*Asks:* 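Take this structure first; my questions come after.
Worth saying up front: this structure is predicted, and the values here are computed from it rather than measured. Quick note: numbers below take in every heavy atom, side chains included, and nothing from hydrogens, waters or symmetry partners.
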Amino acid sequence: MENLEKKLLALDGKGYGGYKSLAGSYSFPLYTLVIDHIQADPFAPPSTMHVVIKREKTRLPANLLDIKDKRLAVADFLQRNFAQQAQKNKLNTKGTGHSGQLYIDSCGQEILERTAIVIGEQNIEARFEVGLPAAGRRIKGKEALRIFNELLPRIVQNSLLYTNIDQAALKNQVELFLEQQEIRQQMRKQNLVAFVANGAILPRASGSSDLPLQKGTPFRSPNSMEVTFKLSNGKKISGMGIGQGITLIVGGGYHGKSTLLRALDVGVYDHIKDDGREFVLTDKTAMKIRAEDGRSVTDVNITPFINHIPGRRDTSSFSTVNASGSTSQAANVIEALESGTKTLLIDEDTSATNFMIRDARMQRLVSSDKESITPFVDKIKALFNQHGVSTILVTGGSGDYFEIADRIIMMNEYQPGDVTKRAREIAEMENSHRSVADEQNFGSLEERIPKKGNFRIVSRKDRFKVRNKTEITFGHTTINLDALEQLTDPSQTRGIVALLQILKANYFNDQTSFAQMTEKLYADIQQQGLDQVLNSKRHPGNIALPRRQELCAAINRYRGLHVIKK
């Protein structure tokens, strides 16, 4: 600590490059400070640092850290605490660039595995960024000293020491997270793909906010679909259970159909207390599927949906740099299945109409031998019967799904009702007279192998950059992730890049398929933890674990992708 103080006082007023001499570790009474990387100038991305504190010094109870799920919940809580304390303990300076800023990666409403707070067997690390103070490009050493001698110690003490944090809130977060995991286990045993608890608040405050709508209508399950989970701590939680198979969500406009589906979209994640969706839980492999005009597709077998295209184009190995609505949605379904998805989430508002349905009149006008597209309505049953993949579909414009649905939920003023019986009666009275494809034969799912040469570095420009939550660049190529609606955090996008680099270095071998390599990678992460798998010497503190589905989707959207069909 004294050494750092001497260095900063000696650097005061000198050129900004002098900060480079600070890299290294410094012992403080409570923790060790490690300065990993120094920014090049005041306007460059801030310097990265981390503190290492002995677990015993934090006095965090051992029973809150004895299993991975608990550690994940505790790390999330400590990270939110650290962020609040950093916001509260700011350095008031008029320096240039990022001068005086100290912050840790921010958290949203979801609890994700992250690298900002890492809880090990002996130590806890907190990784953060600091904008080293400057006047122009001159070092403000005395102000930097205030950060390290006053602000940082206060932040660490108030955010990481058990005696200084809200102990009841920490305990509640851990208990909530464990309850969410226990319900997920019971859902799998009961063959449920989704659950929405009674009392959940699904609407959000606004289109740009993920916070719950104040005075939002509490959710209430229809009696016929209500299930109750009895938890090991004695609690009972009741709500609407959605079983495997085909589920329709119907209703008038603005009555909550898409709001329910959006809650199910992000139900693949666990949410914090007071989010309103703490017990809205969806199969973690569930993938939101939509049309995505203009995306590239590489060697995907879309024959279950699209075949005999004029010009004899081979759809068993379909490629395009500019997919249409129907071909993109077909590819999105097949790629989702390749990534291990067992539940599809679809909203007709963001789907290609000709991909979703072709009614009886159109079938009579355009015979099947002249139509290249087999609509989703004709394959949805076979998809479940042959491959065990369920579908939850929002529809308001077609009743042709009534005959094949296992259950139909009608939303009325944000409240669900079970209208399955009535819908089937209507279907029987008013037969659609559609010809239907074989309900048992969806078609084969072929494995693809990414070639070893993908993402090959030719020049210094050929490297990954994260522009924002939905945009990655590699060299001159942009990977657009706008259609991945379940991607909730820019740190997940940085996680995609980090895992892509691991796959490129260790898994692309012209032999291992997408499914095999990502299954192995995520098994390693589950066993070792994200931080251990990344194994970065730079101690990145701004990465969150993306799902396997979004990682595969990012690779599939790379316009330079080359694959081998297995």
Side-chain angles (χ1 to χ4, degrees), residues 1 3-26 28 31-53 78-108 114-118 125-160 465-469 489-491 493-494 536-544:
M1 182 176 72
N3 189 26
L4 179 60
E5 182 175 342
K6 289 177 183 177
K7 284 185 178 181
L8 287 171
L9 292 176
L11 289 171
D12 191 42
K14 295 186 177 179
Y16 201 86
Y19 271 134
K20 292 284 186 182
S21 65
L22 298 182
S25 62
Y26 303 87
F28 282 70
Y31 53 81
T32 298
L33 167 68
V34 182
I35 300 178
D36 299 300
H37 174 71
I38 303 292
Q39 62 203 93
D41 63 66
F43 301 94
S47 303
T48 56
M49 310 179 188
H50 69 279
V51 296
V52 182
I53 183 170
L78 297 180
Q79 184 173 339
R80 294 174 193 273
N81 263 7
F82 195 106
Q84 290 170 2
Q85 288 297 321
Q87 182 69 18
K88 187 177 179 180
N89 293 280
K90 286 184 174 181
L91 179 67
N92 294 320
T93 181
K94 295 181 180 180
T96 50
H98 300 287
S99 288
Q101 296 180 15
L102 189 156
Y103 48 87
I104 198 166
D105 195 25
S106 61
C107 300
R114 297 176 179 271
T115 58
I117 299 285
V118 177
E125 289 188 18
R127 299 162 181 175
F128 52 92
E129 298 179 11
V130 176
L132 293 172
R137 282 181 167 78
R138 294 289 171 182
I139 290 173
K140 298 178 78 172
K142 292 178 182 178
E143 293 198 3
L145 186 59
R146 280 193 59 209
I147 293 175
F148 296 117
N149 278 7
E150 297 177 29
L151 302 186
L152 183 58
R154 194 181 307 148
I155 292 168
V156 172
Q157 289 171 9
N158 292 337
S159 63
L160 302 183
K465 289 183 180 179
V466 176
R467 297 295 184 186
N468 51 54
K469 185 179 75 173
D489 194 305
S491 297
T493 310
R494 289 188 285 268
S536 173
K537 295 179 181 179
R538 293 287 292 272
H539 296 281
N542 59 357
I543 290 175

*Asks:* I'd like to check the side-chain hydrogen bond (donor to acceptor under 3.5 Å, both in side chains) partners of Arg138; sequence neighbours left out, ordered by chain and number.
*Replies:* none
*Asks:* Strictly by salt bridge (Lys or Arg N to Asp or Glu O under 4.0 Å), give each pair with a member in residues 147-160 just once, sequence neighbours left out.
*Replies:* Arg146-Glu150
*Asks:* Ser536 versus Thr115: any side-chain heavy-atom pair under 4.5 Å?
*Replies:* no
*Asks:* Would a 4.5 Å heavy-atom cut-off, applied to side chains only, mark Leu4 and Leu22 as touching?
*Replies:* yes
*Asks:* Taking the side chain as every heavy atom from C-beta outward, state whether Val130 and Leu152 have any atom pair closer than 4.5 Å.
*Replies:* no
*Asks:* Who pairs with Ser47 by side-chain contact (heavy atoms from CB on, under 4.5 Å), at least two apart in sequence or on another chain?
*Replies:* Ile38, Gln39, Met49, Leu132
*Asks:* If we only count heavy atoms from C-beta on, is the Ser491 to Arg114 side-chain gap below 4.5 Å?
*Replies:* yes
*Asks:* Any heavy-atom pair between the side chains of Arg494 and Asp105 that's under 4.5 Å?
*Replies:* yes
*Asks:* Just wondering, do Tyr103 and Glu129 contact through their side chains at under 4.5 Å, heavy atoms?
*Replies:* yes
*Asks:* Got a sec, which pairs hit ring pair (Phe, Tyr, Trp, His ring centres under 6.0 Å) with one end in residues 128-152, sequence neighbours left out?
*Replies:* Phe82-Phe128
*Asks:* Does any N or O in the side chain of Arg80 come within less than 3.5 Å of the main-chain N or O of Gly108, such that one atom is a donor and the other an acceptor?
*Replies:* yes
*Asks:* Please check if atom CG in Asn468 has more than 12 non-hydrogen atoms from other residues, nucleotides or ligands closer than 6.0 Å.
*Replies:* yes
*Asks:* Main chain of Asp36, side chain of Thr48: is a donor-acceptor contact present, judged purely on distance under 3.5 Å?
*Replies:* no
*Asks:* Can you list every salt bridge (Lys or Arg N to Asp or Glu O under 4.0 Å) pair that touches residues 90-102, not counting sequence neighbours?
*Replies:* none
*Asks:* With sequence neighbours excluded, tell me which residues meet ring pair (Phe, Tyr, Trp, His ring centres under 6.0 Å) with Phe43.
*Replies:* none
*Asks:* For Tyr19 and Leu11, indicate whether the former's side chain and the latter's backbone hold a donor-acceptor pair under 3.5 Å.
*Replies:* no
*Asks:* Are the side chains of Asn149 and Glu5 in touch, meaning some heavy atoms are under 4.5 Å apart?
*Replies:* yes
*Asks:* Other residues, nucleotides and ligands only: do more than 12 of their heavy atoms fall within 6.0 Å of NZ on Lys20?
*Replies:* yes
